[in-house]
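Report on the following structure.
Everything numeric here is computed off the predicted structure, so don't read it as measured data. Residue numbers start from 1 in every chain, and the chains themselves are labelled A, B, ... in the order their sequence lines are given, proteins ahead of strands.
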Amino acid sequence: MLELTFLREHREEAEQRLLKRNIDARSLLDQASSLDEKRRSTQQELDARLAELNGLSRTIGDLMRTGKKEEAEAARAKTTELKATAASLKEQLEAVEKALHDHLCTIPNAPSKNVPPGRTPEENVTVMQEGAIPTLHAGARPHWELGEEYGFLHMDLGVKVTGAGFPVYSGQGAKLQRALISFFLDRAIAAGYREIIPPHMVNADSAFGTGQLPDKEGQMYHATVDGLYLIPTAEVPITNLYRDEIVDAAQLPVKMVGYTPCFRREAGSYGAHVRGLNRVHQFDKVEIVRIEKPENSYAVLDEMVEHVKGLLRALELPYRQLLLCGGDMGFSSAMTYDMEVYSAAQERWLEVSSISNFETYQSNRLKLRYRGEDKKPRLAHTLNGSALALARIVAALLENNQTPEGIRIPEALQAYTGFAMIHK
RNA sequence: GGAGAGGUGGCAGAGCGGUCGAAUGCGGCGGUCUUGAAAACCGCUUUACCCGCAAGGGUAACGGGGGUUCGAAUCCCUCCCUCUCCGCCA
């Protein structure tokens with residue numbers, strides 16, 4: 001949620017920034033400010049009535065104690081109408097507060113100053129590209145065929161056991177998954193992140209805190225009997241560790257990393273591009289999360305990008321860095337870089353990481369604050385990024401490194417896999 | 001799943017119908033003392049919203065929601081959570 005004070009004090013800026021998402025925010029912001037005014041006037045009125053009521057109660061207490069029963073009765077009679085007025089005002093206040101809250105929930109984060117305007121992925125800006133695009137031998141195949149041929153990836157068994165989009169890995173394929181997870185975790189830990197193993201299901205408050213609810217309700221698996229959601233990313237449980245907290249400035253930055261499986265319904269995204277591991281309902285991901293002072297958050301975003309680049313280089317994958325345009329960014333983000341790797345057999349770029357600065361959009365929902373030098377609580381900035389998402393990394397790794405003799409494992413990973421080649 | 005106990009400020013822990021945002025202790029911050037430190041002593045120490053340039057003032061919050069009452073941390077209802085015991089189980 002955008003901060004009300006920001007909308008009040010920097011109305012013009014908010015409007016300009018939201019324009020980069022191609023939304024004309026004027027009427028949205030008008031409505032927010034009129035609800036806000038209504039809220040404040042109602043509260044003033046209510047507070048005044050309650051103050052009167054409190055005064056009367058004190059008076060009655062005094063009168064009772066001094067035995068002036070009749071005067072007390074008279075004062076008591078006066079409270080009836082006041083109470084009714086206060087009750088109705090309270091009802092109005094709650095209604096307008098809810099309306100304002102719900103309304104603010106419909107407004108996405110305001111893109112930061114450097115975000116390019118635009119509405120489609122074509123308008124994203126390629127910041128850099130690195131690594132040679134491999135030339136494959138004749139008869140090279142896409143990863144889903146490789147997986148079947150080598151016998152380490154079984155989409156069909158996933159269908160039997162669960163349904164489409166739930167891959168089964170076996171043998172060297174399973175080991176490769178585990179190796180990647182360990183490799184990513186070790187690199188993050190070496191970079192100063194604290195490892196977290198969070199719950200894989202979250203409650204509605206957590207899903208709201210990071211912005212999955214109400215915006216992306218249909219994208220999460222929902223265990224309705226217990227009111228819990230399967231996490232779509234470790235960002236949700238890990239960031240929510242700090243919900244309703246005020247951390248001391250000295251504790252910042254908070255750097256956390258976690259591996260979790262991620263569950264996504266991907267409702268409505270079926271088609272030609274979703275074969276094999278390109279888009280699945282369950283995949284593994286190592287996520288880095290940071291809680292930062294506002295003045296540092298953009299430098300930190302760059303630092304996180306560098307971390308991810310290091311991983312991609314170590315895996316010897318050709319990749320490019322995209323700065324997302326306003327229209328392609330996630331609802332809660334102020335600025336997002338996507339990292340894509342080239343998957344040579346499909347001749348496609350696959351998104352393997354998304355690194356975002358949410359500024360105070362999440363922390364405002366989370367009530368995640370820090371105590372600054374002036375001892376006043378202020379909203380912190382939150383950031384997170386995939387480092388990295390497995391399924392697509394595996395796809396690119398398999399396709400790019402296939403040879404007639406087998407599939408080569410990048411050197412950096414061999415200590416983790418225990419083998420240098422995947423054989424039939 | 002069954003039975004019982006309990007949820008109060010950063011922590012521990014009182015309060016059980018009125019002046020209680022809340023005793024006391026610990027912790028934290030500031031000060032006195034000291035060459036410095038410790039000890040001792042003194043003071044301060046929640047958050048949100050509203051009004052105000054500010055000083056300051058108002059309202060709300062004792063797990064959540066509802067009720068009784070002029071007045072509730074205190075009484076009633078309900079939900080949630082934690083702990084102990086029993087059962088079941090990785």
Would you tell me if any nitrogen or oxygen in the side chain of A:R39 comes within less than 4.0 Å of OP1 or OP2 on B:C50?
yes

Quick one: is B:G71 close enough that its OP1 or OP2 comes under 4.0 Å of any side-chain N or O from A:R58?
no

Do any side-chain nitrogens or oxygens of A:Q44 fall under 4.0 Å of OP1 or OP2 in B:C50?
no

Under a 3.5 Å distance rule, please check whether A:D284 uses its side chain to pair with a backbone N or O of A:L390 as donor and acceptor.
no

Closest to the 5' end of RNA chain B, once A:A48 and A:R76 are matched to their nearest nucleotides, is A:A48

Using a 4.0 Å heavy-atom cut-off, does A:R369 contact any base of the nucleic acid, only the sugar-phosphate backbone, or nothing at all?
sugar-phosphate

Can A:K98 and A:D102 be counted as an ion pair, charged N to O under 4.0 angstrom?
yes

Any strand, both distances under 3.5 Å, Watson-Crick or G-U wobble: B:U69 pairs with none

Among side-chain atoms of A:N109 and A:E359, is any donor-acceptor pair under 3.5 angstrom?
no

Answer for the Watson-Crick or wobble partner of B:C88, both distances under 3.5 Å, is none

Any ion pair linking A:K69 and A:E73 (charged N to carboxylate O, less than 4.0 Å)?
no

Any donor-acceptor pair under 3.5 Å between the side chain of A:Q43 and the base of B:C49?
yes

Strictly by Watson-Crick or wobble contacts shorter than 3.5 Å, is anything paired with B:A5, and which nucleotide is it?
B:U82

Counting only N and O atoms by type, is there a donor-acceptor contact under 3.5 Å from the side chain of A:Q362 to the main-chain atoms of A:S332?
no

Both distances under 3.5 Å, Watson-Crick or G-U wobble: report the partner of B:G28, or none.
B:C44

Phosphate-side-chain proximity, A:R371 and B:U47, N/O vs OP1/OP2 below 4.0 Å
yes

Does a side-chain N or O from A:K83 land closer than 4.0 Å to OP1 or OP2 of B:U69, or not?
no

Ignoring backbone atoms, test whether A:N54 places a side-chain nitrogen or oxygen under 4.0 Å from the OP1 or OP2 oxygen of B:A60.
yes

Paired to B:G36 by Watson-Crick or G-U wobble criteria (both distances under 3.5 Å) is none

Name the nucleic acid region contacted by A:A51, choosing base, sugar-phosphate or nothing; use a 4.0 angstrom heavy-atom cut-off, strictly under.
sugar-phosphate

